Amino acid sequence: QVQLVESGGGLVQPGGSLRLSCAASGNIFPIAAMGWHRQAPGKQRELVAIITSGGSTTYADSVKGRFTISRDNAKNTVSLQMNSLKPEDTAVYYCYTYDTAKSRTWGQGTQVTVSS
């Protein structure tokens, strides 16, 4: 019953920045964690970053130091600031929620393309 609306994807040049946002609504149980996964063609979906309701964060090694995840619990939103983007960051990025009933919800995905 949770709905996730993603925004902010697009085309950016290498070294550029992009900010993804996701808004959750309709959740019955409190959301314990929100984050982003990504999937590139021919590759498995992988965790990019996740943040708990308490503010703990986890990042993929490939994005540490470049990406920053943040959350507004009152608004049920999560954002991913992506800096120093590389072509290998090109993927479909999916918003993700995990609630206290251990249910997972995925967004539709937003395309991020890093290319000159």
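Below, all heavy atoms of this structure are taken into account, side chains as well, without hydrogens, waters or symmetry copies. What you see is a predicted model; the values in this text were computed from it and never measured.
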First locate atom [atom1] of [X], then atom [atom2] of [Y], and finally report the distance between them rounded to the nearest 0.5 Å.
| X | Y | atom1 | atom2 | result |
| --- | --- | --- | --- | --- |
| Ser103 | Ile31 | OG | CD1 | 11.0 Å |
| Tyr94 | Thr110 | OH | OG1 | 10.0 Å |
| Thr97 | Ile50 | OG1 | CD1 | 9.5 Å |
| Leu11 | Gln111 | CG | CD | 9.5 Å |
| Ser84 | Asp89 | OG | CG | 9.5 Å |
| Thr105 | Asp99 | OG1 | CG | 6.5 Å |

With a 4.5 Å limit on heavy-atom distance, are the side chains of [X] and [Y] in contact?
| X | Y | result |
| --- | --- | --- |
| Val112 | Met82 | yes |
| Met34 | Ile69 | no |
| Glu46 | Arg38 | yes |

Practice task
For residues 97-116, pull every pair meeting ring-ring contact (aromatic ring centres under 6.0 Å, His included), keeping only residues two or more places apart or in separate chains.
Solution key: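 Matches after skipping sequence neighbours: His37-Trp106, Tyr96-Trp106.
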
Problem - Main-chain N/O of Ile51 paired to Thr57 side chain as donor or acceptor, under 3.5 Å - result: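 Here the side-chain-to-backbone pair does not exist.
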
Handout entry: Any donor-acceptor N/O pair, Glu6 side chain to Gly109 backbone, under 3.5 Å
Key =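 Yes; judged by distance alone, with no hydrogens or angles, the pair exists.
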
So which heavy atom on [X] is nearest to which on [Y], and how close?
| X | Y | result |
| --- | --- | --- |
| Ser70 | Val78 | O-CG2, 3.1 Å |
| Ala49 | Tyr59 | CB-CD2, 3.6 Å |
| Val48 | Val63 | O-CG2, 3.6 Å |

Practice task
Report yes or no: do Val92 and Leu47 belong to one cluster of Ile/Leu/Val/Met/Phe/Trp/Tyr joined by side chain heavy-atom distances under 4.5 Å?
Solution key: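 Yes, it is one cluster - the side chains of Val92 and Leu47 are joined through contacts under 4.5 Å.
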
Exercise for the section: Evaluate whether atom CD of Glu88 has more than 12 neighbouring non-hydrogen atoms of other residues, nucleotides or ligands under 6.0 angstrom away. Expected result: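 Yes, CD of Glu88 has more than 12 neighbouring heavy atoms, counting only those of other groups under 6.0 Å.
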
Exercise for the section: Return yes when atom CD of Gln3 has more than 12 non-hydrogen atoms of other residues, nucleotides or ligands closer than 6.0 Å, and no otherwise. Expected result: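 It does: Gln3 CD has more than 12 such atoms within range.
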
Practice task
State, without any angle test, whether Asn27 and Asn76 hold a side-chain donor-acceptor pair at a distance under 3.5 Å.
Solution key: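 Asn27 vs Asn76: donor-acceptor pair found between side chains.
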
Can you list, pair by pair, the side-chain donor-acceptor contacts under 3.5 Å of residues 12-21, counting residues two or more places apart and other chains?
unit_1	atom_1	unit_2	atom_2	d
Ser17	OG	Asn83	OD1	2.9
Arg19	NH1	Gln81	OE1	3.2
Ser21	OG	Ser79	OG	3.4

Problem - Salt-bridge criterion met for Asp61 and Lys64 (N-O under 4.0 Å) - result: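 Salt bridge flag = yes for Lys64 with Asp61.
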
